[in-house]
Protein chains: 2
Amino acid sequence: MTNELTKLIQASEMLKAIAHPIRLAIVQLLENDKRMSVTAIHEALNIEQAVASHHLSILKNKGVLSVDREGKHCFYFLKHQRLAEIVVCVNKCQE
Amino acid sequence: MTNELTKLIQASEMLKAIAHPIRLAIVQLLENDKRMSVTAIHEALNIEQAVASHHLSILKNKGVLSVDREGKHCFYFLKHQRLAEIVVCVNKCQE
DNA sequence: TATAAATATCTATATATATTGATATGACTA
DNA sequence: TAGTCATATCAATATATATAGATATTTATA
């Protein structure tokens, strides 16, 4: 497999991770260096805890988010702040 | 359904359209206001004609590309030039 | 160590997307 | 109008992702 193809696949995996309504909302929530716990996110978005946790783990596994545990809480944040730009950009392109 | 949710769904549909290796390659190919026919695209990417046509129609249906027919040729181009930024951005975030 | 709070995982079903090869449609041109 | 070039669609199978509910794991604290 060519290097170029590998890059395309990796980039599309990351985009695919973001390309879901709940996960897009999570990325939006974490703009501007915000750090939020699973509980804070599930309450902010009004979704089940298990649902939030599930989507957060997808975003983490695909390199979109990172996590720091502090006691009982897990604080998630954008691994690359730049990724928030994608959300802004795609929102601007909705005619 | 709330207006906010509708926006999230639309934005994620558009991102989902781009989140595929071949379709990402197509968007990259069409940066800088380029216009390319189906044949030119399938040759440039070294994929079957039917495959190119299929992915182009997905991108068109999800609002990523537009098309102009000129005789036998269909020229595809980015509907919003801004969308190329997404590709640049996600590429920069591959560590 | 028993309990509670926070988070993650599992199971099952439903739904969507990808892939491939074959074929159909549309539009010029000899 | 028959042929051919360009593009689109179809059909079938495989693979992946989503959704929801139940339950397990981890950590702190009484």
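Lettering follows sequence order; numbering is per chain, from 1.
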Partners passing side chain to side chain contact (heavy atoms under 4.5 Å, CB included) against [X] (at least two apart in sequence or in another chain):
X: B:A50; answer: none
X: A:Q28; answer: A:V87, A:N91, B:L8
X: A:A17; answer: A:I58, A:L59, A:K62, A:V64
X: A:S57; answer: A:N61

- [ ] Give me the first and last nucleotide of DNA chain D, going 5' to 3', that has any atom under 4.0 Å from a heavy atom of chain A.
- [x] D:dT17 to D:dA28
TODO: Report the end-to-end axis angle of the helix from C:dT1-D:dA30 to C:dA30-D:dT1; each axis comes from five terminal pairs, and the value is rounded to 10°.
DONE: 10°
Open item on the list: Tell me which residues in residues 28-45 of chain A lie within less than 4.0 Å of DNA chain D, going by non-hydrogen atoms.
Closed with: none
Open item on the list: With the threshold set at under 4.0 Å for non-hydrogen atoms, list the residues of residues 47-56 of chain A touching DNA chain C in residue-number order.
Closed with: A:Q49, A:A50, A:S53
- [ ] Using a 4.0 Å heavy-atom cut-off across all strands, classify A:Y76 as base, sugar-phosphate, or nothing.
- [x] sugar-phosphate
Open item on the list: Both A:K72 and A:E13 contact DNA chain D. Taking the nearest nucleotide for each, which residue is further toward the 5' end?
Closed with: A:E13
Open item on the list: Need to verify one output field. Residue with the more 5' nearest nucleotide on DNA chain D, A:R69 or A:H20?
Closed with: A:H20
Open item on the list: Test of understanding: with salt bridge (charged side-chain N to carboxylate O under 4.0 Å, His left out), list the residues that count as partners of A:R35, not counting sequence neighbours.
Closed with: A:D68, A:E70
Task: Protein-nucleotide distance (A:D68, atom CG; C:dT7, atom C1'), rounded to Å - done: 15 Å
Task: Hydrophobic cluster membership, A:L78 vs A:V88, 4.5 Å side-chain cutoff - done: no
Task: Pairs flagged by ring-ring contact (aromatic ring centres under 6.0 Å, His included) wherever residues 21-40 of chain A is involved - sequence neighbours left out - done: none
- [ ] Enumerate the residue pairs fulfilling ring-ring contact (aromatic ring centres under 6.0 Å, His included) with a member in residues 9-64 of chain B, sequence neighbours excluded, ordered by first and then second residue.
- [x] B:H20-B:H55
Task: Pairs involving residues 72-83 of chain A, ordered by first then second residue, that meet side-chain hydrogen bond (donor to acceptor under 3.5 Å, both in side chains) (sequence neighbours left out) - done: A:D33-A:Q81, A:K79-B:E95
